[in-house]
Structure formats: structure tokens, C-alpha cells
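Note sheet for the following structure.
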Amino acid sequence: MEKAYQPKEVEDRLYEKWEKDGSFTGQIDQNKPAYSIVIPPPNVTGVLTMGHVLNNTIQDILARRARQNGCATLWLPGTDHAGIATQTKVEQQLRQAGKSKHDLGRERFIEHAKEWRDKHGGIILKQLRKLGCSCDWDRTVHTLDQDYSDAVLEAFVRLFKNGYVYRGKRMVNWCPVSLTALSDEEVMMKPQNGKLYKIRYELVDSPGEFLEVSTTRPETIMGDVALAIHPDDERWPALQGRKVRRPLQPAEIPIIADEAVEKDFGTGMLKITPAHDPLDFEIGQRHNLETIDVLNADGTLNEFAGAEFAGMDRFDARKATVEKLREQGDLIDEEDHANNVGFSERADVPIEPRLSEQWFLRYPRVEEAKRAVSEGFIRYFPERWSKTYLHWLDNIQDWCISRQLWWGHRIPVWYRKGAPRNDPQNWHVSVNGPDDPENWEQDEDVLDTWASSWLWPLATMGWPDQDSMQKQGLEFFYPTSALVTGPDIIFFWVARMIMAGLEFKGDPVDPKTTLTDDQIKQRIPFRDVYFTGIIRDSKGRKMSKSLGNSPDPLDLIEKYGADGLRHGIMSIAPKGQDIRFSEERIEQGRNFCNKLWNVSRFRQMADEHTQESTQEEIINRINPAQLSQDDHAILLRLIQTLDEVDKLYQQYEFNSVLHSIYRFFWNDLCDWYVENSKPRMRGGEDKHTCLAVQDLCLRQVLLLLHPVTPFITEELWQVLGFSGGQSIQWTSPDKGSTISSALTNAGITLDPSALDEMLSIRELVTSMRALKADRNLANNKQVEFSFLAEDAKAEILTKHQSSILSSVGAAELKRVSAAPSGMPALVTSFGSVYLDLSSGVDVAAEKNRLSKELASLQKVISSIENKLGNSAFTDKAPAQVVEGARRQLAENQAKIKETEEALKALS
RNA sequence: GGACGGCUAGCUCAGUUGGUUAGAGCGACUGGUUUACACCCAGUAGGUCACAGGUUCGAGUCCUGUGCCGUCCACCA
């Protein structure tokens, strides 16, 4: 074995073998419990980020643990077509070649985009393999696959037939760069420092008299169709029904009253521009006002804005209109104003509220979706996200699902040629289109990407085709066991998947009928949802391409190994908290693997029984008569750890899992047990027993760690001969109780007091080492100790003598009957320990040290005495606590006494 | 404006249902080639648990309020 673990020599080889052996294949097996996960499909042209590493490592841990536990396990991978993002990239690339999508036309553009996707796509799936992800790659799905596309259209058609889908002219969020409508969820509000302009409008019937109105968007004044005041506003008793002159594109517009106007904001007067503001649109509807749209789709002004501004970009036009108003004397005031502006998530430009014909979805099964989570049929980890989810459902708005793009699922609606489109009589809605296509033209728009990915758990398993569902095991694997994703897509994806599952899984249910609890349980797409945190850089900023603060996971794998990366990221991922990334953590993950490697190497150097070491065989190698207290203690700790880790895994407490394993493996097993086994292995009679105990521990540690660090654990599993010719993937760690009973059956009963004993011996060793270190004595300098203790304690010390000596670096630890004078002393729970220094002792320094010790003991004692002197405490506190305090008092008093004696002995 | 989360050692974080003297890793410092590992071992220093009240025999932990940081929702032109 190499001196240090070399991941590169192991990872690719093992991954290839696993894949070849079909380890990742999700076999339907009615004799086993099913365990399934569908991957949150990454953008097909995306590359692996740290977020993916976290997310997919967790999924892999769950999948591998399920396989170990004997489940029929499916982790289903795939990608989504990422409508806007991909189309934008392809268009960009065309533009560089001096072309636009219109030059190609729809068909050829899509062909082109597919080529582009196939060339640049799928990288991320290869990267996931590097990370060790155990996906069933034969079942990789893409949202634009034929079957998947059919499912998406089928869902649309069914929703349409049930009256959930409708077409309408409405105010939507328009992205002037991507030239498409967006859903509310795709709009991000950003605080902006803008200006609030006060503009005057002249009263038509009273020239020279003006009303003042505040606005942040003077470039839309040409679209004003009214001014509005609040009906109860007493400042303007007689304005209603009168008219003002619009200062740009002059026209007479009425003054109206509407409750939506805030009396206390600005001047209390609102200009109404129904084409460019959602609230104004509503008011316009109420008062039957006309709509003047002064903007083009790309955010430039159109001819209704007047020749002077037509063609100008909206932000240039803002400046120009302000100038014009200033010249006319209509600009009264201009002040700084902070407000929130909606930005397009993808293009990162302010969206325009825009009136347009779009397809909308009224969500199905909203009430059942709430019940699914509030009743715990679906469990959220951490639980608190359920509140966010429920709040959204309580305030749910219809979903604008049409996008003015070409890249995506084209809406399966055809209009009769030459007939008015707004009359549903002239519509044909079906998956395959009309039988006489020559008389119809299809809707130009495609569906929002999320309107395809919301079917992910269903459509990846063959829905809606009966044969495919049968073959792909929908009934077996659905509901999936767990979903691992970020809380940022609760609305985009999680909530929608739940509603889709409730609506589409199983036999259709009349929209008016509410689902029963049993139906809900069968239809939900997943049982547990684990929400990861967001990975931030060391300064707490979100990782992003533009900041360049996101490391390339592939570089990290190259440097630290996939296991190192996985271990590192998992150890810093508290449940649901954001994660502060730093490369040092990954380094620690690598170090952990190396430690595992080396303790195995140490074990192998002993060169015995490293073939065919099954659990039974290992236990048989133990000679019960030779078991030391240390053996008892480490086995007890092993059992504790097995139970603890199992519980933590079930709660998705991954960082605690690793912490627990770390403590057992590194602190207890390596630092203490293996160190203390060295003298025994020098040829003591109990060498074989000691090695067997090591094997037992190591074997379980590998099993516990395998989901997290699959490569190194598989490698060592083989090297140490635990395999019996089989991969580690199919063996689960034991429960504490099974190890216990296996030991009992072999005639081994563990002594429960061994644990405490080991801990106090370790404490003693620590103090003795510190006493040496204080005097600048090197660890390996063999010194002599003596101790003064009562018989019972002395017996224990004698029992542990050899490991104390080797751990501390001492030649002798002899019992004395009186305090030796002039020696540095240590008061411990075992009695007083004296360090024999051949050279002179700095008496003053020793006295100082002991006095400090005494003072701190006295402080502790007085606090306990206070407590015990308080009758309220002794009366009300549980007897156990009071008893603990008494015992503690006695112990500390004894220590004081000994310390005083030690002080005396110094002089 | 509303909701949620965070504030514990220089840094990153643990800290179960309130109960001994608040822990770990990293970093710092000191010492170290003992039959694995310097990607290691041993040890030391370092904390008014954000702040203010309250409940309690007892509060990092429970309650109320405040501050700061972060996230989400809403969107007064």
C-alpha cells in the first residue's frame, strides 16, 4: 500500500466496475422494499457547481445507504431543456455569426439548438460520475425526449379539458430582452435608487391652474388616460368629472376617484397608465378607461409616444421626457427615491408590466397539496420550510405558462385558419393535433420549462403510457422516497410537483371532488423533502459565475479526491443552514480519507487474517479471556456509535453523522485504542484478540462511511479482506444490538463500567502529559512517576500501567505510601501523581501552579456550596441532581486536600 | 410592511426534553522522525454564549422586547 491514499488510482477503476456490474441499476424487485430518488434535473448545458456537489452527494448518500440496507434502489438521472437560458445562449451564438433566429425560421432554429445542445450538453452528467454518483444512467431522461414531451402535452390537454387552463389578455411580466412573458416567480424584486418626479397637469376648465402628480416613470406619461384621487380625500372637493391636459402627447383626460389610491403618498394624486402598471390596469378596468400602450416589445417607445420619442429605449426616454417636461415648465420637483423594481431573473433587466394574450393555469389540487404537507404525508426537513410552502399556497395566483420562445414544448392548441382566435369554438386542443392540419395553425408559444419539470417524478417513470409505466416501475418506485433540493425552488418546482402528482397520478378524479387522505398518500410524488442550504463563499456571498467566487468542483476532485470533496462538503453542511465554503474543509475531508487509509495500512502491516475476514470469522478470533478493559471500552463505543449514526442518518443530520464517526474513529479508535494496542502487538499473547477487535471496528467504520466516501471504503473493504468477494455496496452496518448479541453468542459479555474507566484513564494520561510538557520534556523522554492512592484506585492504575506508560512516555509509575517531597505533583481522580525530576525543581513555579489550581478548586467548591446551602435547590431540584452536586463537592474537597499536601511537600 | 433563519473561542460551527466547571475542527503558540499517518502526534492559550428585561432553586437553552446580518413574500405611483 502507498504511504498516502491516492484517490486517482482508485476512483475511476471502481466507478467503472460498479457501473459494469450494474450496481446502479434500479431493479424492480417485489421482494425488497423500494427506495427511489429522482434527481433535480440540471440544465442540460450546465456544468457542475458546488451546489450540485452538495445536492448530489446527499442523494448519493441516501441511495447508497438504501442499497446497503437491501432496498431495490433507483436513482433516476436526467436534464432539463432550460427554455429561456438555452435559447438565449443559442441566439447569442447565432448573433456572433451575424444571424438571427428569424433568418433560420422556427424549424431550422430548433434543429440548430438541438445540435448545439447535443454538442455542449450532458457534460454535467459526466461530472456527476466523477463525483461518484450512483445514478441508473440507462434511465437518463431529458425533458425534450419524445415520451417526456408527450407527457407534458398530455398534462396540458387534460388540464384544459378540466377547465384549469385558459387563455386571456392580461397584465404579465414581460422581459424586454428575452422577449417573452414570465411567471411571477421568475421576477426578482431589487431595491433601486431612482427619482420621484413631480409633474403638473393643467385643468382644462381653468387654465393656469394645475394639479401635481408624482411618478417614477415619466416616459409613460403619453400613456396616461386619467388622473385619480381617493374618493374620501377632502383636499379636492370638486375635482371629479373635470379634466386635465396631459403634458406630453397633449390630450384631455378625466379625473376619477378610486379607492386604490393612497391618500398619503406623494401628492395623493395618481396618474393612470393602464398599459404599463398592474394597479393602473385594474383601475382602468373598473372605470372603462382606454389603454394606450406606448412601448414596443423590446422596451423601446413606439409611435403612440410621439415621433420625438419613438424608437428610443425606455431609459433614454425617461431622461428625454424629463428634459421635455422641464422645458415646458411642467416638471415641478425631482427627488431621490428608493423603490423596488422587478427584474427578469434570467436577463437581469427590469421587467415591463405588459398587456398580452397568454395561457394561464389555475392550479389544480391546491387544498390537497396543503394537506399533504400539513398532515405530514410529506415531511419537510427542516420542518420550517413547510410554513413557506403553505403561505405560498394560501396566496396562490394563476400561473402564466406560455412563453414567447421556440425552444420548448409547443403549446398543443391549433386555431382554425382565418377564424378569430379568441373564440374557443375555433380551437383544437390535443397531443397530436387535428386530423386536417392544413386547415389549422398551431399556437406559436411554448410552455414554461417548469410546466414540464413539474411532471418529473411521473413522466420519468413512463406516465401516462400504461405499458411504459409498467415497464419503468411507476407503481413500484412511486412515490419516491426522498427529494433533495434547495429551498429557492419550493414554489418553482416542489409545490408544483406535489400538485401535478395529486392531479395526474392514478385514475382521473373529477375536479369538483376532493381527494381522500388515502388518495393523497398514493399520489404525492415524494415522502421526504430535504432542503439543502445555499453554498456561500468565505465572505458569505452567494457563489456565482459573475463574481468568479465559485471553485470548479473538478479541480477540487483532482486535488483532494472525490471522497475528500464529498466528506468535506458534508461535514460542513448543517441541516438547512447556509454553508460557508472554504477549501480547508475539503482538505480536511482528504485528510480524513488519508487517516482511514493509514490505519488500514497499519492493520495490514500486522499481516494476519486479512483474507476472508467476515464478521463471524472476526468474532471467532477473539479470545474472551484476553479482552482488556480497553477492548471492552472500544467495543462499547462502537455499539454506541452504530446506534447514534443510524439515528442521525434517519434524521438527515449528515454533519452530525460525520462528527459522530469522526469521534469514534479518530479520537477513540486511532488516538487511543490503536496507540495502546502497539505494546500488545509486539508479540503479547493477546495480539490476535487485539487485531480482531480492530478488525471489528474498522469493518463497521467502513460500512458506516461508505455512503459518504464510497471509493476509499470499497477499496479498503477489498484490501482488508472484509469482502468475501463482494462489493461493500451490499452490506449494511450492523445495529448496535446485533453486534452485542453476536458477541454474546461468542461468549463475550461487555463490562459496562469499562467505558468510564477508559475515559478517566485518558484524563489521567492527558494531565500527566501536560505535566511533562510544562517542563519542556519531550513526549518521548522516558520519565518516572510515582503515585499515592487508595487501594481500589491503585488497582485500576496497575491494570492500565503499560498503556499509561507508553501513552505518557514514562519508564515507571510506582506506588508510594507517602507524598515524596520536592516533586511536581498532580492531583487526579485517582489520587496524587508525582513526577520525578532528576534535575532541579523550580519550587517557586511549582508552588505558583498549585496555588492557582487551589484557587480554581475553591471557586468551584464555593459555587457548589452555595447551591447546596440553598434550601430551594435541595427541595426542588431532582434528587439525582442534588446527589451529583454532593458528590462533586466531595471530590473537589478531596482534591483540595491533596493539593494542599502537595504544596506542603514541595517546601 | 409581513414571515422565517442566524448572532457561542481569531475563523467555521456543535451544544438533545433547562441541571456538574460551555465543546469540536481550523488557525495561533510550544514540543515531537516511538511498528500507520507531518494529510500526523502531544500539549497550551483563547469565551460577559449579540443586548436588555422576565420566568425558575438553576438559563447558551424557555418567555418578552431591542439591535445587527441573511433569506423569502408583499410592492405606495
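Just so it is clear: chains get the letters A, B, ... in the order the sequence lines come, proteins before strands, and each one is counted from 1. As a basis for the values below, the full set of heavy atoms in this structure was taken, side chains included, without hydrogen atoms, waters or symmetry mates.
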Exercise for the section: Provide the full list of salt bridge (charged side-chain N to carboxylate O under 4.0 Å, His left out) pairs with a residue in residues 652-680 of chain A, sequence neighbours left out, each pair given once. Expected result: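 Those involving residues 652-680 of chain A are A:Lys575-A:Glu653, A:Asp631-A:Arg680, A:Arg637-A:Asp668, A:Asp668-A:Arg762, A:Glu675-A:Lys678, A:Arg680-A:Asp686.
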Practice task
Return each pair, listed once, that meets salt bridge (charged side-chain N to carboxylate O under 4.0 Å, His left out) where at least one residue sits in residues 556-569 of chain A; pairs must be two or more places apart or across chains.
Solution key: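 The answer is A:Lys8-A:Glu558, A:Asp60-A:Arg566, A:Lys559-A:Glu583.
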Practice task
Applying ring pair (Phe, Tyr, Trp, His ring centres under 6.0 Å), name anything that partners A:Tyr197, two or more places apart in sequence or on another chain.
Solution key: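 A:Tyr197 satisfies ring pair (Phe, Tyr, Trp, His ring centres under 6.0 Å) with no residue once adjacent residues are dropped.
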Handout entry: Residues which pass ring pair (Phe, Tyr, Trp, His ring centres under 6.0 Å) with A:Phe664, listed by chain and number, not counting sequence neighbours
Key =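 So A:Phe664 forms no ring pair (Phe, Tyr, Trp, His ring centres under 6.0 Å) with any residue.
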Handout entry: salt bridge (charged side-chain N to carboxylate O under 4.0 Å, His left out) involving A:Arg580 - partner list, sequence neighbours excluded
Key =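 Expected list: none.
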Problem - Contacting residues from residues 666-679 of chain A, given that a heavy atom lies under 4.0 angstrom of RNA chain B - result: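 The answer is A:Trp666, A:Cys670, A:Asp671, A:Glu675, A:Lys678.
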Exercise for the section: Could you identify which residues of residues 187-195 of chain A place a heavy atom less than 4.0 Å from some atom of RNA chain B, listed by residue number, or say none? Expected result: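 A:Met189 - these, ordered by number, are the residues of the stretch whose heavy atoms sit under 4.0 Å from the strand.
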Practice task
Only pairs at least two apart or in different chains count here, so list each ring-ring contact (aromatic ring centres under 6.0 Å, His included) that has a residue in residues 855-880 of chain A.
Solution key: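 Matches after skipping sequence neighbours: none remain.
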Practice task
Answer yes or no: does a side-chain N or O of A:Lys387 lie under 4.0 Å from OP1 or OP2 of B:C4?
Solution key: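 For B:C4, OP1/OP2 do have a side-chain N/O of A:Lys387 under 4.0 Å.
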What N/O pairs connect the protein and nucleotides 27-33 of chain B at under 3.5 Å? Give each pair on its own line.
unit_1	atom_1	unit_2	atom_2	d
B:G31	N2	A:Asn779	ND2	2.9

Which pairs of donor and acceptor atoms, one on a side chain in residues 258-281 of chain A, lie under 3.5 Å apart (sequence neighbours left out)?
unit_1	atom_1	unit_2	atom_2	d
A:Asp258	OD1	A:Ala260	N	2.8
A:Asp258	OD1	A:Arg286	NH2	3.0
A:Asp258	OD2	A:Arg286	NE	3.0
A:Asp258	OD2	A:His287	NE2	2.8
A:Thr267	OG1	A:Glu212	O	2.7
A:Thr267	OG1	A:Met269	N	3.4
A:Lys271	NZ	A:Thr220	OG1	3.3
A:Lys271	NZ	A:Asp224	OD1	2.8
A:Lys271	NZ	A:Thr273	OG1	3.1
A:Thr273	OG1	A:Asp224	OD1	2.9
A:His276	NE2	A:Asp293	OD1	3.4
A:His276	NE2	A:Val294	N	3.0
A:Asp277	OD1	A:Leu279	N	2.9
A:Asp277	OD1	A:Asp280	N	3.1
A:Asp280	OD2	A:Thr273	N	2.7

Produce the list of close N/O pairs, under 3.5 Å, pairing protein atoms with atoms of nucleotides 6-8 of chain B; give distances to one decimal.
none

Handout entry: Contacts of A:Gln588 that satisfy side chain to side chain donor-acceptor pair (under 3.5 Å) - sequence neighbours left out
Key =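 If we apply the side chain to side chain donor-acceptor pair (under 3.5 Å) test to A:Gln588, skipping adjacent residues, there are no hits.
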